[in-house]
There are 2 protein chains.
Amino acid sequence: MSTEPFTFDQPCPIRDVLDRIGDQWSLLVLEALAEKTLRFNELMREIGDVSKQMLSKTLKRLEQDGLVLRTLYPEVPPRVEYALTDLGRSIMEPLAVLIEWADANHRAIVESRRRVSPPHP
Amino acid sequence: MSTEPFTFDQPCPIRDVLDRIGDQWSLLVLEALAEKTLRFNELMREIGDVSKQMLSKTLKRLEQDGLVLRTLYPEVPPRVEYALTDLGRSIMEPLAVLIEWADANHRAIVESRRRVSPPHP
DNA sequence: TGACCTGGTCACCATATGGTGACTTCTTGT
DNA sequence: ACAAGAAGTCACCATATGGTGACCAGGTCA
């Protein structure tokens, strides 16, 4: 299949990518930053229910993977801005296709789920 | 954004979908079944490193969500075949786009990761 | 002299996740 | 009689994940 070949150091690309965007918060962060550059606390407010710790971890991984650029302005109080890189912007296209599918088919999934295990018998 | 609006019963579609395909095994199962219908033990061998329990759980969720069809042939010994539904086949298209992106950009991600935290100083 | 702001980190704890190996049921093969 | 094989399930246990709230620095406002 298209995910092969891969080595141990460089695992199957798609599993690696899904590990990133498949977690609780990465997609939300990417979506927020796709709209515009945001500061740490702005991101927190934008996403709403993410904890500092998780947002911090998520941003760090996205930065390490080169999807997000972190810029520190050594002012007082310090200002830190997060923006998508070119790579980060480029992943939004495949994600948009997936989001489109999700929007179109979510109803079918929910109904299938309900059919199998009805609400309250 | 495109993921709104959503209710509590029917969460944000894309998060819901990512919860499914973003887990350890679902994508592998979908990919295997996209090639051809397989029996339980065939799937195990195909994927290689999945446990019975996880494969069972994964298949059950995919079936509940209407992505996979489980057919039991009441023979002896029993034969159970798993196949993609139309819905299951339709999600392979957005996934193919994502897989393509992953293949094309995985190298960039790995290199970015290495740049940030070098192997052995 | 505090109290507050930003952008975090850290320790603690609860829950979720996932692997292992035993067990099941029925029938066929030796 | 006994093992084997299909398709799972179940209990047990270890690790991963993620939330909470305390804490940090430096400077500013009242």
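Chain A is the first sequence line, chain B the second, and so forth, proteins listed ahead of strands; every chain is numbered from 1.
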_Distance below 4.0 Å between B:Arg79 side-chain N/O and D:dA7 OP1 or OP2_ = no
*Of A:Gln53 and B:Lys60, whose closest DNA chain D nucleotide lies nearer the 5' terminus?*
B:Lys60
*Report yes if at least one side-chain N or O of B:Ser56 is closer than 4.0 Å to OP1 or OP2 of D:dA7; otherwise report no.*
no
*Charged N to carboxylate O below 4.0 Å: is that the case for B:Arg61 and B:Asp19?*
no
*asked:* Any side-chain to backbone donor/acceptor pair from A:Thr85 onto A:Leu69? Under 3.5 Å, distance only.
replied: no
*Using a cut-off of less than 4.0 Å, is there contact between a side-chain N or O of B:Arg61 and OP1 or OP2 of C:dT17?*
no
*May I have the distance from B:Asp49 (atom CG) to C:dG18 (atom P), rounded to whole angstrom?*
13 Å
*Tell me which of B:Val50 and A:Leu59 sits closer to the 5' end of DNA chain C, going by the nucleotide each one is nearest to.*
A:Leu59
*When the nearest nucleotide of DNA chain D is assigned to A:Asp23 and to A:Pro77 on a heavy-atom basis, which residue is associated with the more 5' position?*
A:Asp23
*Would you indicate, yes or no, if C:dG7 has its OP1 or OP2 atom less than 4.0 angstrom from a side-chain nitrogen or oxygen of A:Tyr73?*
no
_Starting from B:Tyr73, can I reach B:Leu43 by hopping between I/L/V/M/F/W/Y residues whose side chains sit under 4.5 Å apart?_
no
*Measure the distance from CE on B:Met54 to P on D:dC13 and round it to the nearest whole Å.*
20 Å
*Report yes if a side-chain nitrogen or oxygen of B:Arg39 is closer than 4.0 Å to either non-bridging phosphate oxygen (OP1 or OP2) of D:dA6; otherwise report no.*
no
*Is the closest basic N to carboxylate O distance between B:Arg79 and B:Glu81 below 4.0 Å?*
yes
